[in-house]
Number of protein chains: 2
Amino acid sequence: MTMNTPREIFANYISKQGLRNTQQRDDILAAFFSSEKHITVEELFSVVKTKNPAIGYATVHRNLNLLCECGLADEIKIGKQKARYEPKFGQKHHDHLICLRCGKFTEVINSKIEKLQDKLAEENGFMPVRHKLEIYGICRECR
Amino acid sequence: MTMNTPREIFANYISKQGLRNTQQRDDILAAFFSSEKHITVEELFSVVKTKNPAIGYATVHRNLNLLCECGLADEIKIGKQKARYEPKFGQKHHDHLICLRCGKFTEVINSKIEKLQDKLAEENGFMPVRHKLEIYGICRECR
DNA sequence: TCTAAGATGATATTAATTTTCATTTTCAAT
DNA sequence: ATTGAAAATGAAAATTAATATCATCTTAGA
């Protein structure tokens with residue numbers, strides 16, 4: 001059985017956990033994967049409400065956590081900002097460049113750094129699982 | 001004028017900002033730099049209270065923020081844990097290995113990664129200012 | 001169809017951080 | 001040293017995001 005779409009992955013996770021499919025989960029998943037990256041619970045709540053005005057904030061919040069659990073979303077916390085969520089599906093791991101002036105996020109990929117990180121962990125007896133690299137600075141536009 | 005000690009750096013920052021020196025600031029600075037790394041506001045508050053029982057939580061909190069502003073402290077937020085503060089003085093930048101099981105922090109230094117990070121930022125038009133690298137995994141003891 | 005378990009939505013709670021404000025303290029100008 | 005304006009403090013309240021509670025509704029398997 002191949003699991004191609006986020007929808008299928010989510011449905012699979014749901015059933016494996018003995019949970020149930022609901023219209024709300026569908027709506028949230030759809031909104032999440034068609035919204036812009038780095039969305040907050042608040043923002044996603046607003047988006048989902050345009051399709052399903054009866055939906056509650058807590059439901060969006062709960063399901064974003066489920067999406068994180070099954071690997072379809074990543075939570076990003078930057079400084080004192082509220083948590084943001086990033087859809088994750090079939091893409092390489094990436095790091096973030098964060099502009100200290102305008103707050104813009106840029107995603108970057110560098111396999112050399114990835115490898116060095118794994119090596120660094122192993123040298124210290126750590127079995128690396130995941131990592132988070134954030135580089136803060138001033139972006140091209142803000143300079 | 002050389003500024004050797006954290007105390008001098010702090011005093012200098014205070015006066016530059018048009019702020020004032022107080023006994024509380026002294027007490028907080030002293031406690032912070034003689035306490036263990038990765039302390040929470042709560043914990044530092046407890047420590048400072050042993051020297052100055054009248055001190056308020058908000059004062060400790062406010063001054064920890066000042067210490068961050070002037071570069072003598074770093075705030076570390078890991079997952080859903082409460083913020084921790086790390087004294088920063090005359091040491092090299094380091095990254096953190098964080099055990100997913102026992103929560104232990106290990107500090108590591110790797111200049112190669114540092115350089116690659118700067119390069120990566122510059123390639124993307126970013127002027128790097130600082131960065132944060134956290135590698136999550138399982139530590140030697142927990143394996 | 002029926003029913004037990006899960007999900008939802010509204011609300012309350014939690015917990016950390018930040019703000020408010022009356023009072024006290026600092027420090028530069030006298 | 002005295003004064004006074006501005007800043008700092010401490011206690012308490014407010015804010016904020018995240019999470020829990022719970023009555024009701026929905027799902028999905030028997």
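Residue numbers start from 1 in every chain, and the chains themselves are labelled A, B, ... in the order their sequence lines are given, proteins ahead of strands.
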Which heavy atom of A:C139 sits nearest a heavy atom of A:C99, and at what distance?
-> N-SG, 3.4 Å
Taking any atom under 4.0 angstrom from a heavy atom of chain B, which nucleotides of DNA chain C are the first and last to qualify, 5' to 3'?
-> C:dA16 to C:dC27
Send over the distance from B:K49 NZ to D:dT9 P, rounded to a whole Å.
-> 16 Å
Once the angle between the rings of A:F105 and A:H38 is folded into 0 to 90°, is it parallel (under 30°), tilted (30 to 60°) or perpendicular (over 60°)?
-> tilted
In plain terms, say whether B:D26 and B:R7 are close enough for a salt bridge, that is, a side-chain N and a carboxylate O under 4.0 Å apart.
-> yes
When rounded to the nearest 0.5 Å, the distance separating NZ of B:K88 from CD of B:Q91 is 8.5 Å
Nearest heavy-atom approach of B:F10 to B:L29 is CD2-CD1, 3.9 Å
hydrophobic_cluster_shared for A:I76 and A:F33, side chain cutoff 4.5 Å | no
Send over the distance from A:I55 CD1 to D:dC25 C1', rounded to a whole Å.
-> 14 Å
Could you state whether B:F32 and B:F89 fall into the same hydrophobic cluster, counting links through intermediate Ile, Leu, Val, Met, Phe, Trp or Tyr residues with side-chain heavy atoms under 4.5 angstrom apart?
-> yes
Where along residues 17-33 of chain A does a heavy atom come under 4.0 Å from DNA chain D, residue by residue in number order?
-> A:R20, A:N21
Across the strands shown, which category fits B:N63 at heavy-atom distances under 4.0 angstrom: base, sugar-phosphate, nothing?
-> sugar-phosphate
Determine the contact category for A:N65: base if any of its heavy atoms lies under 4.0 Å from a base atom, sugar-phosphate if only primed atoms, P, OP1 or OP2 are that close, otherwise nothing.
-> sugar-phosphate
Salt bridge flag under 4.0 Å for residues A:K51 and A:D27 = no
Nearest-0.5 Å distance, CD of residue A:E134 to OH of residue A:Y136 = 4.0 Å
Which donor-acceptor pairs under 3.5 Å do side chains of residues 115-129 of chain A form with protein atoms, sequence neighbours excluded?
| from | atom 1 | to | atom 2 | distance (Å) |
| --- | --- | --- | --- | --- |
| A:Q117 | OE1 | A:H131 | ND1 | 3.2 |
| A:Q117 | OE1 | A:H131 | NE2 | 2.8 |
| A:N124 | ND2 | A:L120 | O | 2.8 |

Enumerate donor-acceptor pairs with a distance under 3.5 Å from any side-chain N or O in residues 58-71 of chain B to protein atoms, sequence neighbours excluded.
| from | atom 1 | to | atom 2 | distance (Å) |
| --- | --- | --- | --- | --- |
| B:N63 | OD1 | B:R25 | NH1 | 2.7 |
| B:N63 | ND2 | B:T59 | O | 2.9 |
| B:E69 | OE1 | B:Y13 | OH | 2.7 |

Return yes when atom NZ of B:K37 has more than 12 non-hydrogen atoms of other residues, nucleotides or ligands closer than 6.0 Å, and no otherwise.
-> yes
Between its two end axes (five pairs each) the helix from C:dT1-D:dA30 to C:dT30-D:dA1 turns, nearest 10 degrees, through 30°
If the sugar-phosphate is the primed atoms plus P, OP1 and OP2 and the base is the rest, what is the B/S/- string for nucleotides 13-18 of chain D, using protein heavy atoms under 4.0 Å?
-> ----SS
Is any NZ, NE, NH1 or NH2 atom of the basic residue among A:R101 and A:E141 found under 4.0 Å from an Asp or Glu carboxylate oxygen of the other?
-> no
